[in-house]
Each structure stands twice: as C-alpha cells, then as structure tokens.
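Below: one structure, written as structure tokens.
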Amino acid sequence: MKAIQLINGFGFEELTLAELDIPKPGPQEVLIRMKAASLNYRDLVILNGLMPIEIKFPFIPLSDGAGEVVAVGQGVTRFQVGNRVACNLQQKFIAGSPKAEVLRDSLGGPLNGVAAEYVVLHEDGVVSIPDHLTWEEASTLPIAALTAWSMLMEYGSLQAGDTVLLQGTGGVSIFGLQFSVMAGARAIITSSSNAKLERAKALGAWQTINYSEVPDWDKAVLELTGSGVDHVLDVGGAATMGKSINALRVGGTLSMVGFLSGLTIPEYDVTGILQKAATVRGSQVGNRDHFEKMNRAIAHHRLHPVIDHVFPLNRIGEAFALLAEGKHYFGKIVVQI
Ligand SMILES: NC(=O)c1ccc[n+]([C@@H]2O[C@H](COP(=O)([O-])OP(=O)(O)OC[C@H]3O[C@@H](n4cnc5c(N)ncnc54)[C@H](OP(=O)(O)O)[C@@H]3O)[C@@H](O)[C@H]2O)c1
C-alpha cells in the first residue's frame, strides 16, 4: 500500500511517498481502507518537529481521516465490513473528562497517523459517519468539528439566543459558526479578509468584523452586543486571549482552543478574568461519546463541512504549504487517499 512517511526526521523535505505492507487487524481491531484525510494545524507543528511529543521514525502523519472497514479482527462487535467510519484523534478517550492517560495516544503523533491507504485501529477508537457526507467531508470531523462541538455544545451548553464570538475562518471557527447557527445562537466572526467574511455571512454569521481593519475588535464586539458575548472560541492564543476576555459578558465562557499567534503571554493581568467572572476552559478536542452525538446532530441537520482545497495524497506537500501559509483558505484542507 501507499503511505506518506517522514523517514528520518522532521520537515517538508522529509515527506515521502512510501510502499508498505497492508497491516492486518488483530483482536478487536478493524482494517480501514482510508479514503480521505484532513489537515490540522497540529499536523504542521508536528511536521516541523515543534510539538513536545516523542515521534518514532519512520512516521506516518495526519490525525483526521475517514474510510471504509474492509476487514475485522476477532471479537469486533462495533463494526462490520462495509461500514463507513472516521477515527477519533485520542484513541482511548471514550467518555467523561479528559485524563492524562487517555490523552497520550493520539493519531498522527505520537501514534502513526492516517496518511496511508490502509490503517488498523482498535474498534473503540473509531466512529460511524453520517450517510450524507462524502469521504472528504467526513475526514474533517475528528479534530476541527469535534473541538468546536465539545467546547460550545457539550462543555459550553450553548443555548438558542446565546451570542458566540469566533476568530478567523479556519477549520475550528467555521465549524463553530455552523454549530452556532444550528443551535439558534447569534455568531459574530472575525477575519483578516472581507471576502471570507462575506462567505461567513452566507453560512449564517450574524455579524462580522475584519480584525486587520479593526484591531480593537473586542470593543467592536461590546458595541454590537451591548454587554458582551456568552462564549468565545479563542483560536489565536497569546495575541487574542486578553481581548477575548474583554469581549465576554459578565459570567461568560472563554474556550482556549488554539495558539495561531503563539502560546506565551509574558506578563498577563488577570483582572479581566475576575471582573468578568469568566469561566476559562482549555480544549483537548473531545471524547468518542461527544463525537457520536455530534455526528447524530450533523446527520439530522444535514450539515456539510466546508472544504476549500482537495489534493491527491502524492501532493500532500502542497497541502501542507497552503496550511503553513495560513491565509488562502476558508474551512478545511483535505487530501484524497
Ligand atoms: N486544543 C484543541 O483541542 C485544538 C483543537 C483543534 C485546533 N486547535 C488549534 O486551534 C487553532 C486553530 O485551528 P484550525 O485548525 O481552525 O486552524 P486553521 O484552519 O489553520 O485556521 C487558520 C485561520 O485562522 C485565522 N487566524 C490566524 N491567526 C489569527 C489571529 N491571530 N487571530 C484571529 N484569527 C487568526 C485566519 O483566518 P482569516 O484568514 O479569516 O483571517 C486563518 O486563515 C490552531 O492553533 C490549532 O492548533 C486546538
């Protein structure tokens, strides 16, 4: 089978199309013929060797994928041959709160990932996908969609009529927009591009702000809402967290998801968190129960993930380059396998 591997080390130039044996499923494992995988910012961080996890070479990248079960090992009860599935990033995170031991086993680092024609996974680390989705669409669900779903709908208990602030038009934020609209919440979304803001409006955004033209976007949010938003999904990290708290209403929730602008705030004044009586929650994607619940909602509402670019597997370097450049896409980047 064909697979993408980093043979000896990190970096774009190490991405290699390799020929490997098709793996065999052991007890309670399923063999999946992967059809599509989507890229996430974490894949880029791992590709560049900047994630503080141990990677063993040769290494297969990418964590999000969808495919068809083509063989099952002894004792498998959750799936049968022919089922359409996606993999859960954290293979052992089944239900409940995150725990250190279940967060370790993540696909695409430190475990081998899904940029391969065939992958063997434990049946517990796999979920069924909604029938109406293409393979490409389903491949976007495990990280970006599940993160937005977990933070807003599960931990955040988003209600109809709530107001949500989303930052930028990448994978997590566009799913956050779609779930907010689905829940009857009012979504405010920011972007550096007016053209992307128009696309966000077409998806149902209530208000839009260009954060390049309006650097004090937190004040703009307060003006639009009067008292601030109920929930911020923060993907910017270091440069956005303070403004995100300022944009909250008193008693609002800040979900810290990303670090697109960096991880470290040298000196941080906590007054805003106290004054806003804010709930601040860090994200570690989501568990399988939440994934299955999300998929039921996606199926019921016939929601379609937003995919901007699709590349064949042998052009994965171009897909990573587009992700690294970080500007010229809206929603998700996918590779077909
Ligand atoms: N902790 C978790 O559970 C978890 C899960 C998933 C993702 N993440 C992290 O969340 C972040 C977002 O992930 P993603 O997959 O959605 O990324 P992405 O698809 O690569 O998002 C890129 C977009 O983010 C926007 N952006 C970039 N810098 C920004 C800034 N300083 N302020 C506001 N928007 C900015 C830009 O939108 P415009 O072009 O519209 O300006 C850019 O196009 C990443 O850091 C990722 O690692 C964390």
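Indexing begins at 1, ligand by ligand and atom by atom, following the structure's order. Heavy atoms only: backbone and side chains are in, while hydrogens, waters and symmetry mates are out.
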Next item on the list: For atom NZ of K35, decide whether the heavy atoms of other residues, nucleotides or ligands shown that lie under 6.0 angstrom number more than 12.
Entry: yes
Next item on the list: Count the heavy atoms belonging to other residues, nucleotides or ligands that lie under 6.0 Å from CD of E54, then report whether that count exceeds 12.
Entry: no
Table please: side-chain donor-acceptor pairs of residues 69-83 below 3.5 Å, with sequence neighbours left out.
{"unit_1": "R78", "atom_1": "NE", "unit_2": "E123", "atom_2": "O", "d": "3.1"}
{"unit_1": "R78", "atom_1": "NH2", "unit_2": "V126", "atom_2": "O", "d": "2.7"}
{"unit_1": "R78", "atom_1": "NH2", "unit_2": "E292", "atom_2": "OE2", "d": "3.1"}
{"unit_1": "N83", "atom_1": "OD1", "unit_2": "Q80", "atom_2": "N", "d": "2.8"}

Go ahead and list the nitrogen or oxygen contacts between ligand 1 and the protein that come in under 3.5 Å, distances to 0.1 Å, or just say none.
{"unit_1": "ligand 1", "atom_1": "1 (N)", "unit_2": "V257", "atom_2": "O", "d": "3.0"}
{"unit_1": "ligand 1", "atom_1": "1 (N)", "unit_2": "S283", "atom_2": "O", "d": "2.9"}
{"unit_1": "ligand 1", "atom_1": "3 (O)", "unit_2": "S283", "atom_2": "O", "d": "3.4"}
{"unit_1": "ligand 1", "atom_1": "3 (O)", "unit_2": "S283", "atom_2": "OG", "d": "2.6"}
{"unit_1": "ligand 1", "atom_1": "3 (O)", "unit_2": "V285", "atom_2": "N", "d": "2.9"}
{"unit_1": "ligand 1", "atom_1": "16 (O)", "unit_2": "G171", "atom_2": "N", "d": "3.2"}
{"unit_1": "ligand 1", "atom_1": "16 (O)", "unit_2": "V172", "atom_2": "N", "d": "2.8"}
{"unit_1": "ligand 1", "atom_1": "19 (O)", "unit_2": "G171", "atom_2": "N", "d": "2.9"}
{"unit_1": "ligand 1", "atom_1": "20 (O)", "unit_2": "Y329", "atom_2": "OH", "d": "2.4"}
{"unit_1": "ligand 1", "atom_1": "37 (O)", "unit_2": "T169", "atom_2": "N", "d": "3.2"}
{"unit_1": "ligand 1", "atom_1": "39 (O)", "unit_2": "K196", "atom_2": "NZ", "d": "2.7"}
{"unit_1": "ligand 1", "atom_1": "40 (O)", "unit_2": "T169", "atom_2": "N", "d": "3.1"}
{"unit_1": "ligand 1", "atom_1": "40 (O)", "unit_2": "T169", "atom_2": "OG1", "d": "2.6"}
{"unit_1": "ligand 1", "atom_1": "40 (O)", "unit_2": "S191", "atom_2": "OG", "d": "2.6"}
{"unit_1": "ligand 1", "atom_1": "41 (O)", "unit_2": "S192", "atom_2": "N", "d": "2.8"}
{"unit_1": "ligand 1", "atom_1": "41 (O)", "unit_2": "S192", "atom_2": "OG", "d": "2.7"}
{"unit_1": "ligand 1", "atom_1": "41 (O)", "unit_2": "Y211", "atom_2": "OH", "d": "2.6"}
{"unit_1": "ligand 1", "atom_1": "43 (O)", "unit_2": "G326", "atom_2": "O", "d": "3.1"}
{"unit_1": "ligand 1", "atom_1": "45 (O)", "unit_2": "F259", "atom_2": "N", "d": "3.0"}

Check: Can you name the residues that form a ring pair (Phe, Tyr, Trp, His ring centres under 6.0 Å) with H290, not counting sequence neighbours?
Finding: Y155
Margin query: Could you work out, with ring pair (Phe, Tyr, Trp, His ring centres under 6.0 Å) as the rule, every residue matching Y268, not counting sequence neighbours?
Written below: none
Notebook entry, point to check: Mind checking whether F311 and H309 have parallel, tilted or perpendicular rings, split at 30° and 60°?
Noted result: parallel
